Amino acid sequence: MADAQWYVVHTYSGYENTVKATIEKTVETRHLQDQILAISIPLETVTEVTESGAKKTYDRKIYPGYVLVKMVYSDDTWHVIKDVRGVTGFVGSSSNDPTPLTEEEVYAMGVEKKEIIVNYAVGDTVRILDGPLSSFTGTVEAVDVDNNLVNVEVSMFGRETSVEFELDQVEVVSQ
């Protein structure tokens, strides 16, 4: 849904899983799947080495006391979330007027992944779409999909210069 955005919900410490489960159950019973689309508790996998040398791996909450909810903001959805036991409010300028996360914040938190289709390879000519070199063309030297980077050799001031871009900042020039 286009107008759905991610909001940060503040919870009592240790209530994150309960809040998530309660919201999911409420969404199902009230048929609000088109209003509240996703609930997330960002986790990271941590490996610790104990004194005996054994490795112990577990998931740890990145933001303890917070749950992320992707929803279409309205009075109804606000009340559904706010009335859950363990929720203290939304994060924002005031708890009655929550501030949605920006797209950059959502991707930085790892809540959503942006899928980028790379239709160019090393040796292809590409056009730069963004930044100070936009509309320049260059040749792809290296593509690093895991780190979302592409190196492009661009001719500037009569010299070939290697410049690093994000994968979605360039497009292949049609042959």
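Keep in mind the model is a prediction, meaning the values are calculated, not measured. Atom set for the values below is all heavy atoms of this structure, side chains included, hydrogens, waters and symmetry mates excluded.
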Would you say the side chain of [Y] lies within less than 4.5 Å of the side chain of [X], judging by non-hydrogen atoms?
{"X": "Ile23", "Y": "Val9", "result": "no"}
{"X": "Val143", "Y": "Leu167", "result": "yes"}
{"X": "Glu164", "Y": "Asp144", "result": "no"}

When rounded to the nearest 0.5 angstrom, what is the spacing between [atom1] in [X] and [atom2] in [Y]?
{"X": "Asp76", "Y": "Arg30", "atom1": "CG", "atom2": "CZ", "answer": "8.5 Å"}
{"X": "Asp168", "Y": "Asn148", "atom1": "CG", "atom2": "CG", "answer": "6.0 Å"}
{"X": "Glu153", "Y": "Arg159", "atom1": "CD", "atom2": "CZ", "answer": "13.0 Å"}
{"X": "Tyr15", "Y": "Thr22", "atom1": "OH", "atom2": "OG1", "answer": "10.5 Å"}
{"X": "Leu101", "Y": "Tyr7", "atom1": "CG", "atom2": "OH", "answer": "9.5 Å"}
{"X": "Thr50", "Y": "Lys56", "atom1": "OG1", "atom2": "NZ", "answer": "8.5 Å"}

Whether Phe90 and Trp78 hold their rings parallel, tilted or perpendicular, with breakpoints at 30° and 60°: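 If you compare the ring of Phe90 with that of Trp78, the planes turn out parallel.
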
Return all side-chain donor-acceptor pairs below 3.5 angstrom for residues 126-140, not counting sequence neighbours, or 'none' if the list is empty.
{"from": "Arg127", "atom 1": "NH1", "to": "Glu171", "atom 2": "OE2", "distance (Å)": "3.0"}
{"from": "Asp130", "atom 1": "OD2", "to": "Gln169", "atom 2": "NE2", "distance (Å)": "3.4"}
{"from": "Ser134", "atom 1": "OG", "to": "Gly131", "atom 2": "O", "distance (Å)": "3.4"}

Salt bridge (Lys or Arg N to Asp or Glu O under 4.0 Å) evaluation trace for Glu16 with Lys20: CA-CA 6 Å; Glu16 301 90 351; Lys20 180 180 183 209; over 6 Å; no

With sequence neighbours excluded, residues passing side chain to side chain contact (heavy atoms under 4.5 Å, CB included) with [X]:
{"X": "Ala121", "answer": "Asp124"}
{"X": "Glu44", "answer": "Val46, Arg60, Ile62"}
{"X": "Asp59", "answer": "Leu43, Thr45"}

Residue among Asp75, Val69, Thr26 satisfying side chain to side chain contact (heavy atoms under 4.5 Å, CB included) with Val80: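 Going through the options one by one, the only one that passes is Thr26.
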
Closest heavy-atom pair and its distance - Thr77, Gln35: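 So the two residues come closest at CG2-CB, 3.7 Å.
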
Atom of Val163, atom of Met156 and distance for their closest heavy-atom approach: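 Where Val163 meets Met156 most closely, the heavy atoms are CG2-CE, 4.5 Å.
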
Test item: Thr11 side-chain N/O and Val87 main-chain N/O as donor-acceptor pair under 3.5 Å: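 Absent.
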
Residue list, salt bridge (Lys or Arg N to Asp or Glu O under 4.0 Å) with Glu28, at least two apart or on another chain: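 If we apply the salt bridge (Lys or Arg N to Asp or Glu O under 4.0 Å) test to Glu28, skipping adjacent residues, there are no hits.
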
Residue pairs passing the ring pair (Phe, Tyr, Trp, His ring centres under 6.0 Å) test where at least one lies in residues 19-67, sequence neighbours excluded: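 For residues 19-67, and leaving out neighbouring residues, the ring pair (Phe, Tyr, Trp, His ring centres under 6.0 Å) pairs sorted by first residue read His10-Tyr66.
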
